[in-house]
Amino acid sequence: MDYKDTLNLPSTGFKMKANLVNKEPMQLKEWDKIRLYEYIREQRQGAPLFVLHDGPPYANGNIHVGTALNKILKDFIIKYKTLRGFDAPYIPGWDTHGLPIEQKVTSELGSKSKELPKPEIRKLCRKYATKYYKLQRDQFKRLGVRGDWKNPYLTFDPKYEANVLRILSKLVKQNQIYRKLKPIYWCTHCETALAEAEVEYHDHESYSIYVKFRDKSDPKLYYVIWTTTPWTLPANVAIALNPDFDYCEVDAGEERYVIAKELVEKTMEEFGIEGYQVVATKKGSEYEGRKAQHPFMDRESLVVLADYVELDAGTGCVHTAPGHGEDDYHTGLRYNLPILSPVNDDGTFTAQAGKYQGLHVFKANPVIVEDLKNSGHLLGEGKITHSYPHCWRCKKPIIFRATEQWFVDIDANDLRKKALDEIKKTDWHPAWGENRITAMVQDRPDWCISRQRSWGIPIPAFKCADCGEVILDGNLIDHFASIVEEKGTDVWFLYDVERLLPEGYSCPKCGSKHLKKLEDILDVWIDSGASFEAVVKNRDELRFPSDVYIEGSDQHRGWFQSSLLLSVASEEIAPFKTVITHGFINDEKGRKMSKSLGNVIDPQEINEKYGAEILRLWVASSNYQEDIRISMNIIKQQIENYRKIRNTLRYLLGNLSDFKPEDALSYEKMLELDRWALMKLHHLIRDVTTHYENYEFYKVHMAVMKFIVTDMSAFYLDIIKDRLYVEGKNSIQRRSAQTVLFEILTALAKILSPILTFTMEEVYGFFPESVKTYATIQAEKWPTFKEEYIDLKLEKRWEQVINLREDVLKALEIARSKKEIGNSLDAKVVLELKDRELAKVMSTFKSEELADIFIVSQVAFGKVDDGFEGEVSNVKVVRAEGEKCERCWKYSTETGANPKYPGTCPRCARVLSEN
C-alpha cells in the first residue's frame, strides 16, 4: 500500500510563482469589466463618508517614484477606509497650468515661440497637458490605484477655472487683494514673478565686497557697507544702521570708517589695515539723517535706522536698495525713499543704471567690482558660497526685483491669525508638521499671485486708457467667471474688451469707456489651492472640509498652505481635518535622485521587472514620515518578503482545499495550540487596525511580517503540518487547525488587501463561494477584533513553551551538524528543566504533545550531563527509539504492531482503520 495516497496533502491552484508582471495587467482588465470604482461606491451607498482630497500632481512627464509613493499611500488609505465600512470616493486630479508646461512647449518651439500669439501658445500647452495627464493616469492605474479615473479634475477645465475666479472674486470683495510696486522674487530666465513656494535654495558662489560711501558733510568720513550682490548697488538709496549698536569711527590715516564696534577688529583685518585707531564711538541713532555720496551714481544715500541690522556678518552698515529687498523695501517706505529697480524682465539693466545699461545683472557683478576697485571705493573683496534662492522650474538663480504685482494681503481681515488658529485645530501626521507650517505662516510675506506668462487663468483686471486707473472688481470677475464656465479662459485673449465687460460698464474713477485688458495670469498655487472650492464643494459625492490631505513635506509651503489660506479667507475654516506628510526619496546611500548620478529608479521599470505589488510592498515597509531610501537592492529585499507572504497564503489555501466554513469548530472545542494561534491572530487584527488608523503603514508591514514569519511559519504552521497531513480528514485535531487556518486566511487577505491589492484579489478568488459576498475583496468588511480570544494566561503559558522550544531547536541543529541525526523526527530529546514553574507547566502536557511541538519522535525528562546548555533547559539529543513509520515518519517502539497496516505506528494505523 502506498501510504502517501492516504495523507491529506495540500492542494490549491494558487501558484507559488506569482508571475505578477503578466497577471497584474490581466487583473486590471477584470476590474475594468466590473467597473471597480463604481461597483465599490454602489456597495457603500448610504455608508458614512470619508473624503481624501487628492493634491494634483503636475501634468508634465511620466510619473516618478515620488509620485508613485504618494498615490500608493493614498490608495492604502482609501482601501482601508472602504474595508472599515466607509464610502470613500477618490477623485484624482492634475495641475495643468503654469510655467513648467509653458516652458516645455516654448523650448520645443524655439525662436518661433516669440512670434506666436498667446492663444496659440495656450492651445499647445493644453494639448501638452492633456497628453501627460492621460499618460500619468494610465501609469497610476498600473500601480493598482483605485479612483474615478474617468472623471478626474483638471485645472484647465472651464468649470474649474470659473470656480477659481469666484474664489478670487470673494477675496477682492473682502479687500484682501491689492496691487503695488514692491520687490518680489523674479526669475530672469523665465521672465516672471515667483511666489515663495516656487523658490528653492541651493549653494551659490557670490561676490563678497566691502564698499565705502563718503559722508557729504565730512569728506574724511566713510560708511562701509558689505554686500554679496554688487549688481544691486545701482539701486542703492540708503545705508541702514542699528539705532542701539555702538559704532566706531576708525582712523586709518587719511580716512575714517564707520563700523559697528564688535566688527571693527575682524573687518580691519579683512581690509589688511594695521595701525588703525578708534577716534570716536557713537550710537547708531546719532547718524540718522546724514547723507553720503553714492560711489558711482549721481545720487545721495541717506543714513537710516533699522533694527534688523545684525552683527553676524558685514560691518553693521547695511546697503539699502528698496527695489531689491523685503527689509529694504519697508525701510524705504518708512523714510519715503524712491523704490528703484533699474532691471528689465530679462535681467538686463535699464537706462536708469547708467553705464551698465544692457548688461545682465549677474554679468554686471565683476564689471561693477572692477569699477569700484579702480575708483578707490572697494576696501575688500572675495567670494563666498552660501544658500541662494533659485527658480523651482529652470533651477537658475533668481533676483529680488520691484515690479507692480497683485498680492493677497495676509493680514487683512485677520487672515494670518485665523489660519494659525485653524492649524491648531488640524490633526498633523507626523506631529512636527504643525510646527513647520505654523512657522511658515507666521513669517510669510504677502502672497504675490500674478505671473507674467501665457498659460494659466488670467487675472481679469483692466486699466483705464484715460486716467490710468487699474480696475480689479469682484462683480467684473463674477461676470467673467460666468463666461469662462462656458467658453474657458482663452476668451480673455480672444475677445475684445466690450465682450468681456457687462453692457455699459465704464471706469469707476473717471467714467471713461476706454479700458484695456491687463494680461497677468494667476499663480498656479491659486489654481490648485482653490481645489476645495472647485472640486470638494462642487462634487456631490464629496464633503467639505475633507477628512485628509496627504502630500510631500514641501507642500507645507505649497499646496497645504495655499489651500489653507484660500479656504480660511473664503470659508473661515481649514479645508482639511487631518494633514499627512511624507518625505522625499533618496537612493540607498541617502543621496538625492539625479540623472547625472545614475541613481534614478523608475516605477515603470519595477512594474516591468517585478510587478507593482513589489513597489507597493516597499511603500508599506517604509517609514514615509521620514525621507525614504530606494534602490533595486532595496526592492529585491521586498521580493523576499513578498515570497514569504505568498508562500504562507499558499500553505493556508492548500490545507483548506477540503474545508467548508460549516466544518469550523467552536472555540471551546479547539485544541489549546489552535486557541493560542487564534489569540495571536486577534492580537494582529487589533494592532494593525491601530496602525492603519494612525496611517503608520510600515508598522502594519512589520506586524504582519512578524506574525507570518515568527508566529506562523517558524512555529504554529510548522507544528500543525503533521496534524493536517496525517490525522483523519474530518478529525477534531485536523478540523481544529483548519478552523484557525481559515480565520487566518480571511483576516490576512483583508488586512493585506490595501497593500498587496493584486495578490489579495487573487487569493479572494480561492475563497469558498459561501463567504465571498462581493465581486472583489476590496468591497469586503474589515476583520472584527474579538476580545474574548485574548487569554493572557494562555499567552504566558505558551511563551514558556516557545522559550523551551528554542533550546530544543538549537540542540537539534547541533546534532544535525554532527551527523547524529538527519530529520528532526529521527530524534528523541531528553530535557532537564532549570525552572520549577516551567517544569510545572510542562507536566500538564503529554509527551506526544511535546514531541509534536518540538517536531521530534519522543520527549523525556531527566538528568542531562553532556547535552546542550540552553537558556531554560539542558537538552540531550539521542536517536529515537523503535522503527520509523512509513506514513508519518515518526519513530515508535510499536511501529508494525498492526498487521493490517504494516510499517505504520499505532496513530497512523488508527487513522487508516477509521477512514
- Answer yes when Glu787 and Arg686 have at least one side-chain N-carboxylate O distance shorter than 4.0 Å, and no when they do not. no

- Item | Donor-acceptor pair, side chain of Thr710 and main chain of Phe707, under 3.5 angstrom | no

- Message: Are the side chains of Leu748 and Thr746 in contact, using a 4.5 Å heavy-atom criterion?
- Response: no

- Query: Is Lys772 salt-bridged to Glu769, cutoff N-O under 4.0 Å?
  - Reply: yes

- Message: Check the orientation of Phe576 and Phe560. Use parallel for under 30°, tilted for 30 to 60°, and perpendicular for over 60°.
- Response: perpendicular

- Item | Electrostatic pair Lys609:Glu605 at N-O distance under 4.0 angstrom | yes

- Query: At what distance, to the nearest 0.5 angstrom, does CG of Leu809 lie from CD1 of Ile802?
  - Reply: 11.0 Å

- Enclosure of Met440 CE (heavy-atom neighbours >12, cutoff 6.0 Å): yes

- Task: Please work out whether the ring planes of His53 and Trp559 are parallel, tilted or perpendicular, with thresholds of 30° and 60°.
- Result: tilted

- Message: Has Trp428 got a side-chain atom pairing as donor or acceptor with Ile423's backbone, closer than 3.5 angstrom?
- Response: yes

- Message: What I want to check is whether the side chains of Asn641 and Gln638 have a donor and an acceptor closer together than 3.5 Å.
- Response: yes

- Task: Return yes if a side-chain donor-acceptor contact under 3.5 Å exists between Ser631 and Asp587, otherwise no.
- Result: no

- Query: Got a donor-acceptor contact below 3.5 angstrom from the Tyr651 side chain to the Arg646 backbone?
  - Reply: no

- Message: Given 3.5 Å as the limit, does a donor-acceptor pair link the side chain of Arg629 with the main chain of Ile634, or not?
- Response: no

- Is it true that atom CD of Glu662 has more than 12 heavy atoms of other residues, nucleotides or ligands lying nearer than 6.0 Å? yes

- Item | Gln738: which of Asp663, Asp658, Asn655 passes side-chain hydrogen bond (donor to acceptor under 3.5 Å, both in side chains) | Asp658

- Query: Could you go step by step and tell me if Val619 and Ser622 meet the side-chain contact (heavy atoms from CB on, under 4.5 Å) rule?
  - Reply: CA-CA 5 Å; Val619 172; Ser622 305; 5.8 Å; no

- Query: Heavy-atom distance under 4.5 Å between the side chains of Asp627 and Ile585, does that happen here?
  - Reply: no

- Message: side chain to side chain donor-acceptor pair (under 3.5 Å), that's the test. Do Arg797 and Thr844 meet it? Break it down for me.
- Response: CA-CA 11 Å; Arg797 171 178 163 83; Thr844 63; 2.7 Å; yes

- Kindly determine whether Val579 and Asp427 satisfy side-chain contact (heavy atoms from CB on, under 4.5 Å), including the steps that lead there. CA-CA 6 Å; Val579 174; Asp427 187 19; over 6 Å; no

Return all side-chain donor-acceptor pairs below 3.5 angstrom for residues 64-83, not counting sequence neighbours, or 'none' if the list is empty.
unit_1 : atom_1 : unit_2 : atom_2 : d
His64  : ND1    : Gly66  : N      : 3.0
His64  : ND1    : Thr67  : N      : 3.3
Thr67  : OG1    : His64  : N      : 2.8
Thr67  : OG1    : His64  : O      : 2.8
Asn70  : OD1    : Lys74  : NZ     : 2.7
Asn70  : ND2    : Ile550 : O      : 3.3
Asn70  : ND2    : Glu551 : OE1    : 3.1
Asn70  : ND2    : His582 : NE2    : 3.0
Lys71  : NZ     : Asp54  : OD1    : 3.3
Lys71  : NZ     : Asp54  : OD2    : 3.3
Lys74  : NZ     : Asp54  : OD1    : 2.5
Lys74  : NZ     : Glu551 : OE2    : 2.7
Asp75  : OD1    : Arg146 : N      : 3.0
Asp75  : OD2    : Lys79  : NZ     : 2.7
Asp75  : OD2    : Arg616 : NH1    : 3.0
Asp75  : OD2    : Arg616 : NH2    : 2.7
Lys79  : NZ     : Gly144 : O      : 2.7
Lys79  : NZ     : Thr757 : OG1    : 2.9
Tyr80  : OH     : Arg84  : NE     : 3.2
Tyr80  : OH     : Glu693 : OE2    : 2.5
Lys81  : NZ     : Glu693 : OE1    : 3.4
Thr82  : OG1    : Ile78  : O      : 2.8
Thr82  : OG1    : Arg146 : NH2    : 2.8

- Query: Do the side chain of Glu588 and the main chain of Ile630 share a donor and acceptor less than 3.5 angstrom apart?
  - Reply: no

- Task: Could you go through the side-chain contact (heavy atoms from CB on, under 4.5 Å) check for Leu833 and Leu804 one step at a time?
- Result: CA-CA 9 Å; Leu833 305 179; Leu804 177 58; 3.8 Å; yes

- Would you check, one step at a time, whether the test side-chain contact (heavy atoms from CB on, under 4.5 Å) holds for Glu795 with His683? CA-CA 11 Å; Glu795 187 167 30; His683 272 313; 3.0 Å; yes

- Can you tell me how far the CD atom of Glu613 sits from the CG atom of Leu615, to the nearest 0.5 Å? 10.0 Å

- If you measure from CD on Glu762 to CG on Leu20, what distance do you get to the nearest 0.5 Å? 8.0 Å

- Ion pair Arg723/Asp852, N-O distance below 4.0 Å: no

- Item | His682 and Phe785 aromatic ring geometry - parallel, tilted or perpendicular at 30°/60° bounds | tilted

- Is the backbone N or O of Lys729 less than 3.5 Å from a side-chain atom of Arg734, with the two atoms forming a donor-acceptor pair by type? yes

- Query: Under 6.0 Å from the CD1 atom of Ile34, do we count more than 12 heavy atoms belonging to anything else shown?
  - Reply: yes

- Do Arg675 and Val740 have side chains that get closer than 4.5 Å, going by heavy atoms? no

- Item | Carboxylate-amine/guanidinium contact Glu422 Lys425, below 4.0 Å | yes

- Over 60° means perpendicular and under 30° means parallel, so classify the ring planes of Trp798 and Phe715, tilted if in between. perpendicular

- Sort and list the pairs that fulfil ring pair (Phe, Tyr, Trp, His ring centres under 6.0 Å) and have at least one residue in residues 732-772, not counting sequence neighbours. Phe14-Phe766, Trp31-Phe758, Phe659-Phe742, Tyr764-Phe767

- Task: Report the distance from atom CG of Asn435 to atom CH2 of Trp432, rounding to the nearest 0.5 Å.
- Result: 10.0 Å

- Query: Are Tyr667 and Tyr789 close enough that their ring centers fall under 6.0 Å?
  - Reply: yes

- Do Pro89 and Asp148 have side chains that get closer than 4.5 Å, going by heavy atoms? no

- Hey, are Arg643 and Glu640 close enough for a salt bridge, meaning a charged N less than 4.0 Å from a carboxylate O? yes

- Query: Ignoring hydrogens and geometry, is there a side-chain-to-backbone donor-acceptor pair from Arg142 to Pro25 under 3.5 Å?
  - Reply: no

- Query: Taking atom CG of Leu678 and atom CG of Leu673, what is their separation to the nearest 0.5 Å?
  - Reply: 11.5 Å

- Main-chain N/O of Lys23 paired to Asn19 side chain as donor or acceptor, under 3.5 Å: no

- Do Asp718 and Arg805 meet the salt-bridge criterion of a basic N to acidic O distance under 4.0 Å? yes

- Query: So, Thr776 and Glu761: side-chain donor and acceptor under 3.5 Å apart, yes or no?
  - Reply: yes

- Query: Quick check: does any side chain N or O of Glu24 sit under 3.5 Å from a backbone N or O of Ala612, one acting as donor and the other as acceptor?
  - Reply: yes

- Query: Out of curiosity, Ile720 CD1 to Tyr725 OH, how far, rounded to the nearest 0.5 Å?
  - Reply: 9.5 Å

- Task: Answer yes if the side chains of Tyr642 and Thr759 hold a donor-acceptor pair under 3.5 Å, and no otherwise.
- Result: yes

- Message: Main chain of Ile855, side chain of Ser824: is a donor-acceptor contact present, judged purely on distance under 3.5 Å?
- Response: yes

